[in-house]
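Presented below is the structure to which this report refers.
Small disclaimer: the values here were computed from a predicted structure and weren't measured.
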Amino acid sequence: MHSVTLKSAIPYYYYHVPSSSSSLNPRRLTQPHLIFPPNHHRPSLTCLSISASSAATTSASLNGSSFHSPTLAVKHIDVATLGNLCVDIVLNVPQLPPPDADRRKAYMDRLSASPPDKKYWEAGGNCNVTIAAARLGLHCTAIGHVGDEMYGQFLLDVLRDEGIGMVGMNEDNEAEASSASYETLLCWVLVDQLQRHGFCSRADFSKEPAFSWLSKLSLQVKTAIKQSKILFCNGYGFDELSPAVIASAVEYAVEVGTAIFFDPGPRGKSLSAGTHEEQGTLNLLLRMSDVLLLTSDEAESLTGIKNPILGGKELLKQGVQTKWVIVKMGPKGSILITKSGISCAPAFKVKVMDTVGCGDSFVAAIAYGFIHGMPMVNTLAIANAVGAATAMGCGAGRNVATLDKVIELVKASDLNEDDKFWNEVFDENLGVQEITAISKLAINGSDGRLNCVPLQKVVTELLPKLKSAELERKVPC
């Protein structure tokens with residue numbers, strides 16, 4: 001492998017005015033197509049090159065992760081997200097919407113009849129991932145479609161203010177550009193008096209994806225994927241984009257050496273029983289993703305295996321280039337499974353205010369650890385901290401974890417250790433793999449196949465990285 005360190009000029013936002021030959025819709029002059037805003041600090045960039053004739057893939061390995069490309073490429077975007085861009089409208093309601101589809105749609109239509117006060121608006125969907133990742137110092141861009149109206153402008157403004165770029169997925173279809181299918185997707189986040197959540201969007205009431213008119217990847221989208229170290233996809237992307245478009249993005253990411261992160265979320269179960277195209281693209285994502293992220297329930301629904309470690313091992317076995325399977329265990333913590341070992345980290349103790357956005361924040365921190373080649377237990381620890389910091393706030397979007405809150409949690413080092421739970425998880429026949437676990441009370445060392453890592457050691461290694469990221473975000477250009 002040959003690596004060259006480059007000093008890059010700062011990429012900037014600009015507004016692309018398409019020519020007549022452009023595949024972009026000329027009406028959409030407010031859609032930015034380069035990746036970073038003007039005052040975003042940029043560090044040195046590493047350029048990886050690979051000989052096209054090399055049979056053995058030359059790669060930069062990060063604890064079992066790798067970035068590889070058949071051609072010279074500069075990957076100056078850390079994380080790009082695919083689709084799932086929406087504006088959350090967060091409202092307190094006396095009761096959640098009814099389960100019946102017709103009544104539920106009528107309920108949503110009543111809410112939509114007039115725009116709610118802007119104080120209830122929040123960036124949602126994959127904006128949560130990019131905002132949390134940007135606050136950790138990663139350079140991010142959102143790939144997706146937003147409409148040319150007030151909600152779309154709101155989303156663009158939020159992303160710009162957080163130092164995140166945007167690449168629009170648009171097609172030159174002037175005749176239909178003013179139709180409802182071109183509008184920014186709204187998600188009504190409804191919270192009742194018991195703090196239970198209900199969600200409604202127009203994607204819930206259509207058999208077609210919200211942006212079914214999108215049929216191909218534009219050159220701008222391909223360029224963003226090629227320039228990214230990680231492409232993040234989740235199950236909710238199927239609500240907006242066709243399986244064919246998602247599959248095209250995945251296949252292109254594999255071709256250009258961009259690592260794929262996939263979180264099927266609650267949609268994984270319905271996709272596995274969905275149309276032939278949905279099932280095919282879901283299977284493609286499960287096989288070709290470098291990192292899979294699931295809850296224990298989601299892992300069980302996809303594998304039929306209750307034990308989260310055994311379920312993760314099954315997904316790892318079925319994968320073609322899967323390196324990590326991460327199982328999120330909520331307040332218990334998280335587990336990272338590789339072909340060579342298992343890592344576990346208990347969650348941090350916090351007062352939970354709202355769980356919306358916690359999983360997205362967790363993903364952002366996993367990407368941080370993956371890119372920086374951190375030890376796997378350290379990656380889980382920082383992901384648990386970022387998820388917990390988000391849970392302490394109210395709602396997602398701009399309310400996800402801040403870096404100072406994450407640092408505060410890591411310094412406090414208050415773990416929710418539950419020996420009984422972890423012993424039950426480890427009780428099954430897990431093979432000969434070594435298990436590495438963080439413990440607040442442990443002394444560093446091994447006990448049979450269990451390797452205990454003291455929490456204080458992890459904290460000592462994490463804090464300098466987090467403080468460095470905090471300093472970098474404060475440095476003016």
Side-chain angles (χ1 to χ4, degrees), residues 83-129 131-132 144 146-147 149-155 157-159 180-181 183-207 209-211 234-240 263 265-270 295 297-298 328 330-331 350-362 387-401:
N84 188 215
L85 299 179
C86 62
V87 173
D88 287 345
I89 310 294
V90 186
L91 298 176
N92 291 309
V93 294
Q95 60 185 27
L96 295 181
D100 176 76
D102 290 338
R103 291 171 61 205
R104 195 179 185 90
K105 186 174 186 309
Y107 184 102
M108 189 187 73
D109 289 343
R110 287 196 300 274
L111 291 173
S112 307
S114 59
D117 192 293
K118 200 170 182 177
K119 67 182 179 182
Y120 300 117
W121 301 10
E122 192 48 77
N126 277 341
C127 296
N128 302 333
V129 177
I131 293 172
V146 296
E149 59 339 64
M150 59 184 178
Y151 294 114
Q153 191 57 56
F154 168 78
L155 260 186
D157 290 344
V158 169
L159 293 174
S181 65
E183 294 174 359
T184 304
L185 195 64
L186 302 185
C187 180
W188 298 86
V189 182
L190 308 172
V191 186
D192 72 4
Q193 296 170 341
L194 299 176
Q195 296 302 302
R196 295 175 300 188
H197 293 81
F199 303 90
C200 286
S201 82
R202 73 170 189 265
D204 300 336
F205 306 103
S206 172
K207 293 181 180 179
F211 308 134
N234 66 12
Y236 291 118
F238 287 80
D239 291 341
E240 296 182 9
D263 186 342
R267 288 284 275 120
K269 186 173 183 179
S270 59
T295 66
D297 288 343
E298 291 159 5
K328 300 172 285 184
V350 296
K351 182 178 180 181
V352 175
M353 296 296 292
D354 192 348
T355 59
V356 173
C358 293
D360 297 325
S361 303
F362 181 95
T390 293
M392 296 171 71
C394 186
R398 293 164 294 178
N399 299 309
V400 300

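- Side chain of Thr390 to backbone of Ala401: a donor-acceptor contact under 3.5 angstrom is found.
- Once rounded to the nearest 0.5 Å, the distance linking CD1 of Ile131 with OG of Ser361 reads 9.5 Å.
- A donor-acceptor contact shorter than 3.5 Å links the side chain of Asn126 to the backbone of Gly83.
- Counting heavy-atom neighbours within 6.0 Å of Tyr120 OH, excluding the residue itself, gives a total of 12 or less.
- A donor-acceptor pair under 3.5 Å is formed between the side chain of Glu240 and the backbone N or O of Asn84.
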(request) Please report the C-alpha distance between Val189 and His197 in whole Å, then the side-chain angles of each, then the deciding distance to 0.1 Å, and finally whether the side-chain contact (heavy atoms from CB on, under 4.5 Å) criterion is met. (result) CA-CA 7 Å; Val189 182; His197 293 81; 4.0 Å; yes
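- Residue Gln95 comes nearest to Tyr107 through the heavy atom pair O-OH, 3.3 Å, listed as atom of the first residue, atom of the second, then distance.
- Panel note: side chain Thr184, backbone Gly147; a donor-acceptor pair is recorded below 3.5 Å.
- In plain terms, the two heavy atoms of Trp121 and Pro116 that are nearest each other are NE1-O, 3.1 Å.
- Atoms CD and SG, from Glu122 and Cys187 in turn, are 12.5 Å apart once rounded to the nearest 0.5 Å.
- Gly144 and Leu85 get closest at one heavy-atom pair: CA-CD1, 3.8 Å.
- Between Arg104 and Pro97 the shortest heavy-atom distance is NH1-O, 3.6 Å.
- Listed for the Trp188 side chain is no donor-acceptor partner under 3.5 Å among the backbone atoms of Gly198.
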(message) As a quick check of understanding, evaluate side-chain contact (heavy atoms from CB on, under 4.5 Å) for Asp204 and Met108, giving each step before the final call.
(response) CA-CA 11 Å; Asp204 300 336; Met108 189 187 73; 5.9 Å; no
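- Not counting sequence neighbours, Arg110 has no partner by the salt bridge (charged side-chain N to carboxylate O under 4.0 Å, His left out) test.
- A donor-acceptor pair is defined here as one N or O able to donate and one able to accept, closer than 3.5 Å; such a pair exists between the side chain of Asn234 and the backbone of Gly237.
- Atom CE of Met150 has more than 12 neighbouring heavy atoms from other residues, nucleotides or ligands inside a 6.0 Å radius.
- One finds the OG atom of Ser181 at 7.0 Å from the CZ atom of Arg202 (value rounded to the nearest 0.5 Å).
- Between Leu190 and Phe199, the closest side-chain pair of non-hydrogen atoms is not below 4.5 Å.
- In this structure Asp239 satisfies the salt bridge (charged side-chain N to carboxylate O under 4.0 Å, His left out) test together with Arg267, sequence neighbours excluded.
- A 4.5 Å side-chain heavy-atom check between Lys269 and Asp297 finds every atom pair outside the cut-off.
- With Asp192 contributing its side chain and Leu194 its backbone, the two residues share a donor-acceptor pair below 3.5 Å.
- Considering all non-hydrogen atoms of both residues, Ala396 and Asn128 come closest at CB-OD1, 3.2 Å.
- Closest approach of Asp354 to Val356, counting heavy atoms only: OD1-N, 3.0 Å.
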